[in-house]
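Every value quoted in this text rests on a predicted model; they were computed, and no experiment measured them. This chain uses plain numbering: 1 for the first residue, then up along the sequence.
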Amino acid sequence: MPYAEEMIYSTTARAGVRAGIISPKQLLDVVFNNRKVIATFDMPSHLESIVALYHNGQYDLETLIYRHTLFPIYAPFLPEDRRQKCINWMKESSQGSVHLASGLNASRLAILEKARYCPDCVQEQLTQKGEAFWSRQWQIVGADYCLKHQKKLVDSTLDFRSPHRHEFFPISEMLLLDTTTDNVLITIDDKFLTEKILELLQLKSTKSPTYEQWTAFYNNLALSNDCIKGNTQIVFERIREKFLNRWDINLLKRFNLDDLESDNNWLVSIFRKHRKSFSYLEHLLVIEAFWDKAWDFETIFIIVKNVKIQKIEKHREIPQNIVAEIPIKRQQWLTCLAKNGFQIKPTRAVNTALYAWLYRNDKSWLVAEHQKYQNKHINTEVKYDWAQRDRDFVKDLIQIKNAVIDDIDGVRRSRNFWLKQSKNPSLIEKNLSKLPLVTAFLNRYSEDIADYQIRRLTRTYFDRMSKQESISEWIILRKAGLSEQRLTEEARRFLASSQKFLSKNLKGI
């Protein structure tokens with residue numbers, strides 16, 4: 001069973017320890033019945049398999065996600081349909097979709113380099129429970145302190161995005177660093193950020209506000225802080241000034257949020273129409289700077305979801321004086337188009353004001369006129385000579401094959417190996433249906449697991465025989481990095497026949 005605030009990653013790792021499972025692949029078989037599952041700290045997938053292991057409804061999917069992953073700090077800021085998609089991806093196979101859809105991959109916040117821990121908490125876990133575990137409260141950017149012990153979290157030696165993609169590492173002395181040095185004391189702002197982020201982490205699953213509601217909320221926030229001129233124009237200089245009055249620039253630098261001078265910086269964007277999600281930390285910093293009283297996330301989300309969106313009429317009444325100008329403006333635009341060879345984009349660049357006027361006042365004509373000059377779609381089958389490309393690609397692959405064919409060392413020469421050696425791996429992979437020669441090459445020269453194991457055994461035999469060392473079967477397997485359990489049937493037959501042949505012909509070795 002997971003402990004309170006324990007990550008699913010940690011529970012899986014502890015399950016392996018409890019069961020005495022040493023092989024990472026065997027642990028994947030036992031827990032997920034799938035050897036391709038990636039060991040992910042923050043937002044893991046294939047959680048349906050874990051829910052099935054708990055009987056009598058001890059855990060449902062959303063409870064597992066909201067109590068034992070980091071998804072709750074991203075969920076409230078995603079549109080509801082995307083939040084539901086992320087939950088479904090975490091239920092089954094994600095293939096990176098959750099991190100992409102949640103905005104984590106494109107976020108200005110840097111991902112943690114190392115898994116973190118609190119040394120005092122680890123000691124308490126060992127004393128009270130007899131074992132330690134990874135807490136999700138330690139693994140969030142911005143929540144850099146342990147509130148219980150008032151100390152900064154410490155980096156372990158375990159990579160947050162480990163190169164050992166299929167292995168779950170439990171907390172152990174090998175992963176923890178020497179923490180005898182004095183720890184950094186917590187500041188008021190760091191304590192506030194940590195408290196707010198952990199408060200957000202504890203919220204239950206609920207429907208998310210829409211982008212329109214977030215836009216209206218921040219517009220109202222700017223209005224209440226006297227940062228709007230007229231009815232709608234936001235004064236970003238006042239926004240920036242008020243924000244920097246609350247937050248120190250050095251704190252913002254820590255989170256890559258210090259660029260506030262560019263025209264389209266993140267602070268300006270969050271007060272404009274929302275077309276994408278902003279991170280939990282960006283929302284937190286802005287709300288704190290502009291909310292004049294104590295607040296909590298649960299109340300803020302209720303306020304945002306209750307914002308009434310006023311629908312703006314798409315069609316407006318055009319004044320008569322503008323109607324009279326329309327024929328003149330049309331003729332001017334057609335003249336400009338003719339001068340630029342009826343190329344729309346260059347004409348827009350030169351005549352920005354004229355284009356904007358027509359777009360505002362005569363959009364239907366402008367769109368219809370432009371359709372006459374748009375380039376027609378060119379079928380790629382006609383545009384490119386795929387037969388010639390096929391011949392060129394396969395020639396390159398044959399040259400690569402000739403360079404390595406006699407070398408029995410090296411990694412497995414799989415389909416991906418050959419594609420990555422080529423000059424245009426992505427182009428080839430996406431268009432294999434048009435490249436029959438390349439496909440034939442890949443089918444002929446791609447090694448499967450059995451081929452690769454046989455090559456490793458052959459390499460080991462040559463190496464041992466050249467040094468006149470023992471070629472006992474168990475030594476050959478160990479030196480080749482193989483085992484009886486992992487050996488394929490073809491490799492097993494090769495090993496048996498090799499031993500039989502060598503025992504007859506090389507009795508002196």
Side-chain angles (χ1 to χ4, degrees), residues 2 4-8 40-45 47-48 50-51 54 57-92 94 97-104 107 109 135-137 139-143 147 192-221 270 273-288 290-291 293-310:
E5 298 304 312
E6 182 179 16
M7 310 193 80
I8 288 299
T40 308
F41 252 100
D42 46 5
M43 290 184 284
S45 57
L47 295 185
E48 186 178 34
I50 292 181
V51 171
Y54 294 110
Q58 290 168 303
Y59 276 99
D60 58 38
L61 180 67
E62 288 203 11
T63 301
L64 204 65
I65 289 174
Y66 273 80
R67 289 186 186 174
H68 300 287
T69 76
L70 298 187
F71 183 66
I73 65 173
Y74 303 100
F77 309 110
L78 302 175
E80 179 60 18
D81 61 336
R82 196 183 308 172
R83 186 182 76 92
Q84 292 296 338
K85 284 182 181 179
C86 288
I87 290 174
N88 288 329
W89 281 323
M90 293 177 74
K91 175 183 177 181
E92 299 168 347
S94 168
S97 298
V98 175
H99 294 82
L100 190 64
S102 64
L104 184 60
S107 175
L109 303 184
S135 171
R136 64 178 183 159
Q137 295 182 351
Q139 316 303 334
I140 309 174
V141 175
L147 295 178
F192 176 81
L193 290 180
T194 302
E195 286 175 345
K196 283 299 177 186
I197 291 171
L198 297 188
E199 172 195 310
L200 180 60
L201 190 64
Q202 301 305 320
L203 294 182
K204 296 179 181 178
S205 174
T206 183
K207 186 177 179 180
S208 302
T210 65
Y211 279 159
E212 290 79 7
Q213 288 173 322
W214 278 117
T215 302
F217 169 76
Y218 281 109
N219 190 76
N220 293 338
L221 207 57
I270 205 170
K273 181 178 179 180
H274 282 220
R275 293 182 174 87
K276 61 180 181 179
S277 300
F278 293 86
S279 72
Y280 60 92
L281 196 55
E282 290 165 331
H283 282 282
L284 192 165
L285 293 171
V286 175
I287 293 170
E288 168 61 16
F290 289 86
W291 202 266
K293 52 189 176 182
W295 61 277
D296 61 81
F297 270 115
E298 188 172 6
T299 304
I300 292 295
F301 293 142
I302 292 172
I303 292 171
V304 177
K305 286 189 283 188
N306 287 333
V307 170
K308 302 296 182 182
I309 305 300
Q310 295 181 352

Spacing of [X] atom [atom1] and [Y] atom [atom2] [to the nearest 0.5 Å]:
X	Y	atom1	atom2	value
Thr69	Leu201	OG1	CG	8.5 Å
Ile50	Ile8	CD1	CD1	4.5 Å
Asn88	Lys91	CG	NZ	6.5 Å
Ile73	Leu198	CD1	CG	9.5 Å
Ile65	Ser205	CD1	OG	8.5 Å
Thr40	Met7	OG1	CE	10.0 Å

Test item: [X] side-chain N/O and [Y] main-chain N/O as donor-acceptor pair under 3.5 Å:
X	Y	value
Glu92	Ser45	no
Ser135	Gln137	yes
Arg82	Ala101	yes
Ser277	Phe77	yes
Ser208	Leu78	yes
Asn219	Thr215	no
Glu282	Ser279	yes
Arg83	Ala75	no
Ser102	Val98	yes

Query raised in the report: Is the Phe301-Phe217 ring centre distance short of 6.0 angstrom?
Result: no

Report task. Give a yes or no on whether the ring-centroid distance for Tyr218 and His283 is below 6.0 angstrom. Result -> yes

With a 4.5 Å limit on heavy-atom distance, are the side chains of [X] and [Y] in contact?
X	Y	answer
Leu200	Pro72	no
Leu193	Leu285	yes
Glu288	Trp295	yes
Val141	Tyr280	yes
Val51	Asp60	no
Leu203	Tyr66	no
Pro2	Tyr54	yes
Val286	Trp291	no

Report task. Name all residues meeting the ring-ring contact (aromatic ring centres under 6.0 Å, His included) criterion together with Phe192; count only those two or more places apart in sequence or in a different chain, and write none if there are none. Result -> none

Report task. List in chain and number order the residues that pass ring-ring contact (aromatic ring centres under 6.0 Å, His included) with Phe41, two or more places apart in sequence or in another chain; answer none if no residue qualifies. Result -> Tyr9, Trp134, Phe160

If only side-chain N and O atoms count, and only distance matters, is there a donor-acceptor pair under 3.5 Å linking [Y] with [X]?
X	Y	answer
Thr206	Lys305	yes
Tyr74	His99	no
Gln202	Glu5	yes

Query raised in the report: Is Glu298 atom CD crowded by more than 12 heavy atoms from other residues, nucleotides or ligands, each under 6.0 Å away?
Result: no

Report summary line: Closest heavy-atom pair, Glu48 versus Leu61, reported as atoms and distance to 0.1 Å, is N-CD1, 4.5 Å

Query raised in the report: Between Thr194 and Ala143, what is the shortest heavy-atom contact and its length?
Result: OG1-CA, 3.6 Å

Requested in this report: For side chain to side chain contact (heavy atoms under 4.5 Å, CB included), just list the numbers for Leu104 and Asp42, CA-CA rounded to whole Å, side-chain angles, deciding distance to a tenth of an Å, and then say yes or no.
Outcome: CA-CA 11 Å; Leu104 184 60; Asp42 46 5; 3.4 Å; yes

**Report entry** For Glu212, all residues meeting side chain to side chain contact (heavy atoms under 4.5 Å, CB included), sequence neighbours excluded
**Finding:** Thr210, Ile309

Requested in this report: In sequence, state the C-alpha distance, the side-chain angles, and the governing distance for Trp214 and Phe278, and then conclude on ring-ring contact (aromatic ring centres under 6.0 Å, His included).
Outcome: CA-CA 10 Å; Trp214 278 117; Phe278 293 86; 9.4 Å; no

Query raised in the report: Using 30° and 60° as the class limits, which term best fits the ring planes of His274 and Tyr211: parallel, tilted or perpendicular?
Result: tilted

Requested in this report: Specify whether Tyr59 and His68 have parallel, tilted or perpendicular ring planes, treating 30° as the upper limit for parallel and 60° as the lower limit for perpendicular.
Outcome: perpendicular

Report task. State whether Glu80 and Lys207 are salt-bridged, where the test is any N-O pair (Lys NZ or Arg NE/NH1/NH2 against Asp/Glu carboxylate O) under 4.0 Å. Result -> no

